[in-house]
Amino acid sequence: MVWRQIQRWVCEGKRYVNFLKSNHLSYARISSLIHKPTFKPTIDLSILEFHLNKCQHINQFNQILSQMLLTGFIRETYAASRLIKFSTHFPFIHIDYTRRIFNFIENTNCFMWNMMIRAYIQTNSPHFAFTLYKSMLSNYLGADNYTYPLLIQACSIRRSEWEAKQVHNHVLKLGFDSDVYVRNTLINCFSVCSNMTDARRVFDENSILDSVSWNSILAGYVQIGNVEEAKHIYHQMPERSIIASNSMIVLFGIKGLVVEACKLFDAMLEKDMVTWSALIACFQQNEMFEEAIRTFVGMHKIGVMVDEVVAEMQMSGFKPDEATLVSVISACARLAALEQGKWVHAYIKKNGLTINVILGTTLIDMYMKCGCVETALEVFYGMIEKGVSTWNALILGLAMNGLVESSLDMFSNMKKCHVTPNEITFVGVLGACRHMGLVDEGQHHFHSMIHDHKIQPNVKHYGCMVDLLGRAGKLQEAEELLNRMPMTPDVATWGALLGACKKHGDSEMGKRVGRKLIELQPDHDGFHVLLSNIYASKGKWDDVLEIRGMMTKHRVLKIPGCSMIEANGVIHEFLAGDKTHPNMDAIEDMLVEMAMKLKLEGYTPDTNEVLLDVDEEEKESTLFRHSEKLAIAFGLINISPPTPIRIMKNLRICNDCHTAAKLISKAFCRKIVVRDRHRFHHFEQGFCSCKDYW
DNA sequence: GGGTATTAAT
């Protein structure tokens, strides 16, 4: 009987569907319907619920709705509650439509209001939660203990500490502070707003706490980076979840407490994906790239067998996901470990992982930093979704590799694709101009950045401009700009000017700038060396000695030049003057051969660069033991053509090595790629991609 | 009938 009745309703409802749609539930029409004489329905609520649950389409919902309006069944508070509940749960019903239905309901109760508040929060309109709350109160309906967690959640989303405090006052006045949900959402909300004083106040009131309370307060301390309190909470927690431990690893990582992160990692009995990823990220962020890669390698038992990590990981058997790989690839990029990076790329393909925006961007960055422009471009064109960072990696990468024109072209393409450039984009664009000495173009972009894109230049942008002007020989303008910048110039900017003085032989300005720099950062090795080189190039050995004396006094150690080269998946390191490599004999022979061929190509050593006050012959031999020359010799022996010899150097390549590398590329018919501190040099057939402007 | 928190990456 009942079944038939509701089925009949549903059928008849069809007639009203169009009516409802075309009239947008006009109030007059609907109230006339509602005020029709009604028959008292004796429908079981569970049957209504059953039919609501079956709704797949707005029309079906409307059939039920119209019957409820028609018969007055909507006046039953419980029936109306069900209707609102379902209406807010159906993805195909717009919140405004639900709101209109809600407005017709005369006998609302707390439950319905709460459902509406929840619906607004879930549709990204948390501010309506407060509007509703206010009208709720003005309708003489008291809020209940279910209302407050919702309101507080709305505060969290809006990061509105001020609103949270007001809600908190209401909570205290009405005595809802004993409800654990209310307390937890309050703790979380204050934590999210970084207001740990109030979060802690709620937490410390002697009342029942559960794991949510503990996790929320911990998350708060992790977020503001308070290691002490976080540790304290973590140790006192009645039950430590994996998530809590993972958060601690992350916190240690950010704070550079690698040892503590490792300790905690080792102590964890249960680990998950995030645990491993967080540890790898921790190594990566703290410049421990070898460890990052090693951890990853151990993680799924591949490649070279490495130490104790493997044993443990073999038991764990986690498969790395996209987030893990991002950290690993970043580490490869920093090490210029191309082979390892390629391996990871192949791993991604083999395991069918998606190259998402972040992963793709990281891959581009890695290939660019390894000097593999083509592969980087392949990745770029293969990506479906590209973000600003993706374009930035491309623009910066191309510029770094000396492809300045392509870099600037990509900048135009980016704008054509309606991607809004950001600060970093302009670091890339200005950097590109700097690499080729495009003064006018650089100034144009600098201007456009401020006026067209409304981006205030930061210290890096100014640094670029000072460098651009300085290198181009416009020393006066560079110094003026440096004095004019609205912020205090950083050491790098002064350094750029000093470099320019050195390059253009302005020893007067050089001395001024150099002394200023040493004053600013007495323990920096590069500036002492540069200034001392300026004096040395003028033959002023007394001044050189003075600088050396200052270095001793300030305990400045000259960071030795170091070059790395990867052969057969192993990274070899050479220091200047190094004689410790196991293949030293072969390398010595190759050095002799190199010297011979170079002489034939007309090479004369550029001894200006040598800091020491020694005779020419000794200078020459010092020059010939620069780390990049050792690495090149090693590469010539161990890497067979046509594979390029790829070298990474910690400092900038010196003039002499640059000339030598060009000639070697010709004499030995080899491609040589050197990544120095700033950029790439692709040597081929006697020329360098930087066109000798660097 | 309905309400809370939580971890990894460019």
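In this text the structure is predicted, and so the values were computed from the model without any measurement. Every heavy atom of this structure was used, including side-chain atoms; hydrogens, water molecules and symmetry mates were not.
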Reading nucleotides 1-6 of chain B from 5' to 3' and marking B where a protein heavy atom lies under 4.0 Å of the base, S where only the sugar-phosphate is that close, and - otherwise, the string is BBBBBB
Between A/Lys165 and A/Asp198, is there a side-chain N and carboxylate O pair less than 4.0 Å apart?
yes
NA contact type, A/Val274, heavy-atom cut-off 4.0 Å: base, sugar-phosphate, or nothing?
base
Under 3.5 Å donor-acceptor pairs involving side-chain atoms of residues 355-367 of chain A, not counting sequence neighbours:
from	atom 1	to	atom 2	distance (Å)
A/Asn356	OD1	A/Ile358	N	3.2
A/Asn356	OD1	A/Leu359	N	2.7
A/Thr361	OG1	A/Val357	O	2.6
A/Thr361	OG1	A/Thr390	OG1	3.0
A/Thr362	OG1	A/Ile358	O	2.6
A/Asp365	OD1	A/Lys369	NZ	3.2
A/Asp365	OD2	A/Lys369	NZ	3.2
A/Tyr367	OH	A/His345	ND1	2.8

When the side chains of residues 241-255 of chain A are checked against the rest of the protein, which donor-acceptor pairs come out under 3.5 Å, sequence neighbours left out?
from	atom 1	to	atom 2	distance (Å)
A/Ser241	OG	A/Ala244	N	3.1
A/Ser245	OG	A/Tyr234	OH	2.8
A/Ser245	OG	A/Ser241	O	3.3
A/Asn246	OD1	A/Thr275	OG1	2.9
A/Asn246	ND2	A/Asp272	OD1	3.2
A/Ser247	OG	A/Ile243	O	2.9
A/Lys255	NZ	A/Gly225	O	3.4

For A/Leu408, enumerate each residue passing the side chain to side chain contact (heavy atoms under 4.5 Å, CB included) test, keeping only those at least two apart in sequence or located in another chain.
A/Val404, A/Val429, A/Ala432, A/Cys433, A/Leu438, A/Glu441, A/His445
Hey, does A/Gln285 reach any base, or is it just sugar-phosphate, or nothing, if we go heavy atoms under 4.0 Å?
sugar-phosphate
Would you mind reading off the distance between A/Trp214 atom CH2 and B/dT7 atom C1', rounded to a whole angstrom?
19 Å
With sequence neighbours left out, what residues match A/Asp210 under side chain to side chain contact (heavy atoms under 4.5 Å, CB included)?
A/Val180, A/Asn184, A/Val212, A/Ser213
Tell me every residue that passes side chain to side chain contact (heavy atoms under 4.5 Å, CB included) with A/Phe128, counting only those two or more places apart in sequence or in another chain.
A/Tyr120, A/Ser125, A/Thr131
In whole angstrom, give the distance that lies between atom CD1 of A/Ile358 and atom P of B/dT10.
8 Å
Rounding to an integer number of Å, can you tell me how far A/Ile355 CD1 sits from B/dA9 C1'?
15 Å
Spacing of A/Glu385 atom CD relative to B/dT10 atom P, expressed in whole Å:
17 Å
